[in-house]
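Worksheet for the structure shown next.
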Protein chains: 2
Amino acid sequence: MSLLSNLKRSIPSLSKAESRIAKAILIDPEATVNMTTSELARLAGVSDPMISRFCRTMECTSFPDFKVQLAKSLVNKVSFISEAVSPGDNSANYIEKRINANQAALEYIRTKLDPAIIEQTVAALSRSKKIEIFGMGGCAAIAKDAQHKLFRLGIPTMAHEDHLMQRMVAASADEDTTILIFSFTGRTQAMVEIAEIAKNSGAKLITICSPNSPLAELADITITSGDELEDTTIYVPMTTRIIILTITDILTTGLALEQGEEIEAQLKKIKHSLDSTKII
Amino acid sequence: MSLLSNLKRSIPSLSKAESRIAKAILIDPEATVNMTTSELARLAGVSDPMISRFCRTMECTSFPDFKVQLAKSLVNKVSFISEAVSPGDNSANYIEKRINANQAALEYIRTKLDPAIIEQTVAALSRSKKIEIFGMGGCAAIAKDAQHKLFRLGIPTMAHEDHLMQRMVAASADEDTTILIFSFTGRTQAMVEIAEIAKNSGAKLITICSPNSPLAELADITITSGDELEDTTIYVPMTTRIIILTITDILTTGLALEQGEEIEAQLKKIKHSLDSTKII
DNA sequence: GTCAATTATGTAATTAAATTAAATTCTATA
DNA sequence: TATAGAATTTAATTTAATTACATAATTGAC
């Protein structure tokens with residue numbers, strides 16, 4: 001857990017003087033690492049010893065220690081406040097910026113992803129006899145990717161992007177089926193309808209979408225798509241995709257671990273099935 | 001340049017006492033960031049003021065400043081050596097590890113991606129009247145995703161995963177067509193055949209695949225898929241996907257920038273076409 | 001080899017920084 | 001509104017880091 005995000009998150013629970021310190025730090029964290037207690041105290045409008053106390057509240061042993069921790073969390077933070085691409089950027093510029101943005105997206109879910117929910121999801125997937133994956137638009141490719149990753153683990157898995165197929169598949173699902181719906185916003189009418197059909201058929205419903213959306217409401221388990229993070233400028237409709245892909249990656253990893261050694265033979269078999277298609 | 005590597009590199013040029021300090025730090029850099037001058041001095045077998053002097057030789061203003069810089073340079077070192085998932089990992093473990101691995105993958109292409117090649121690719125895409133994208137297996141989803149991102153920019157773009165369709169499309173391409181082939185290894189026979197057909201038809205051929213592969217040989221432009229990075233353990237066949245997706249992201253960004261303002265209206269139009277499908 | 005001249009290092013003193021301890025001021029509640 | 005408790009500050013103390021000066025080591029010219 002990064003100190004910086006920790007800092008931001010804990011402001012509400014801090015005392016008056018302490019929250020002023022936190023805010024003063026957040027104005028320019030880069031500068032803070034070079035300050036003395038007195039300097040920071042003056043900037044925050046509190047007394048020197050408050051700084052020491054504050055550092056201990058933040059679970060550091062001393063102010064120098066706090067600065068070291070802060071410095072560490074800044075390295076990733078440089079990309080946390082990832083700059084938007086702007087007209088006039090040369091290729092080296094926008095390459096850097098997009099890589100930063102995508103790294104930042106991963107940094108974001110590091111704090112957002114709840115291990116308990118991942119565990120639940122892995123357990124649900126592992127128990128099911130069939131996995132059906134739905135996604136439309138930008139999520140169609142994601143659904144396809146998820147299918148490609150999950151089918152290897154021995155559970156029959158299909159991805160569907162056609163809405164009529166989705167309806168039919170959802171309707172014919174049963175208790176042994178897990179339905180996985182990908183949606184950035186969780187507000188696509190068609191997807192919500194599918195979710196309702198799925199629920200009625202008794203299937204387990206897992207959605208990867210924006211929390212607090214109609215789709216999330218209907219689901220047994222929801223994992224955030226990071227949609228709330230999405231910068232709406234036209235140039236960057238991408239970070240959520242990286243997030244969802246990584247979530248799929250994590251789920252697959254969890255599932256593979258759960259299955260243990262017996263899955264290795266299966267994976268080898270799949271891999272070798274491609275041998276004759278390759279040029280050596 | 002990281003302080004840590006700087007430290008290692010400059011040992012030969014340091015004085016006797018200073019190089020002893022450097023060596024003492026390198027034994028356990030993590031621990032150093034929590035030491036006082038005296039502690040480090042004792043460890044290195046030198047006097048206290050030598051530490052101050054040493055820090056200034058290393059172009060830091062003070063020992064505390066040095067510790068902050070050192071802490072920063074330690075962060076990337078930690079995440080770069082991303083650990084592999086192993087049986088017995090709990091969910092919190094493997095979530096961290098997978099996020100680290102994916103961040104490290106992005107860190108990797110930061111150094112590998114050549115801006116000049118990206119520029120060339122963007123220019124080629126921008127000039128073309130039609131873009132055809134091919135991918136099979138794991139790359140089918142990637143091809144689909146790329147289509148989804150590129151078609152918005154006003155150039156007719158299609159993705160094909162069916163090999164027969166791919167052949168027909170490749171054969172009927174002309175000089176105004178750019179063909180984009182995604183392949184992790186660059187060794188899939190079917191894909192190489194497509195590339196040959198594409199070349200004969202006069203289309204511009206861009207491949208995102210492993211360099212030094214048969215497919216890369218045939219291409220006008222090649223961008224690495226990061227395949228050479230892939231850890232072959234069964235659990236992590238994922239990082240290249242993140243890399244390729246980010247490359248697509250970068251190419252799209254570059255293309256959008258090139259098109260300038262006129263593209264904004266186009267993007268808005270596409271976005272609003274979905275309005276009536278959403279629940280508010 | 002030996003004697004400046006220079007550079008490198010150590011010792012003691014000083015300054016600066018951070019923390020502790022005691023005193024004071026707030027805040028909430030009976 | 002009195003008072004317990006928490007929060008904060010002031011003043012004192014401790015700890016850390018650096019400066020200034022002294023000493024030792026090293027280099028190069030003779």
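When reading the values below, keep in mind they use all heavy atoms of this one structure, side chains included, and skip hydrogens, waters and symmetry mates. Note on naming: letters A, B, ... go to the chains in the order of the sequence lines (proteins, then strands), and numbering restarts at 1 for each one.
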Between C:dT19, C:dT11, C:dA17, spot the one nearest the side chain of A:S62, thanks.
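Output: C:dT19.
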With respect to the side chain of B:M50, which nucleotide from D:dT8, D:dA17, C:dT9 is positioned closest?
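Nucleotide nearest to B:M50's side chain: C:dT9.
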Return yes if the base of C:dT9 and the side-chain atoms of B:R20 contain a donor-acceptor N/O pair under 3.5 Å, otherwise no.
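Answer no: no donor N or O sits under 3.5 Å from an acceptor.
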Distance, rounded to the nearest Å, where A:F54 contributes CZ and D:dT9 contributes C1':
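Interatomic distance, CZ of A:F54 to C1' of D:dT9: 18 Å.
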Could you tell me whether A:E217 and A:K199 have a side-chain N and a carboxylate O separated by less than 4.0 Å?
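Result for this pair is no, no salt bridge flagged.
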How bent is the helix from C:dG1-D:dC30 to C:dA30-D:dT1, measuring the angle between the end axes built from five pairs each, rounded to 10°?
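Between the axes fitted at each end of the helix from C:dG1-D:dC30 to C:dA30-D:dT1 lies an angle of 20°.
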If you compare every side-chain N and O of [X] against the phosphate oxygens of [N] (OP1, OP2), does one of them come in below 4.0 Å?
{"X": "A:S15", "N": "D:dT8", "answer": "yes"}
{"X": "B:R56", "N": "D:dT19", "answer": "yes"}
{"X": "A:K67", "N": "C:dA17", "answer": "no"}

Assess, by modelled atom type and distance only, whether the side chains of B:D48 and B:T37 contain a donor and an acceptor separated by less than 3.5 Å.
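Absent: no donor and acceptor within the cut-off.
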Report each atom pair, protein N/O against N/O of nucleotides 23-28 of chain C, whose distance is under 3.5 angstrom.
residue, atom, partner, partner atom, Å
C:dT27, OP1, A:K16, NZ, 2.9

Which of residues 39-48 of chain B have a heavy atom under 4.0 Å from DNA chain C?
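The stretch gives B:V46, B:S47 as the residues lying under 4.0 Å from the strand, ordered by number.
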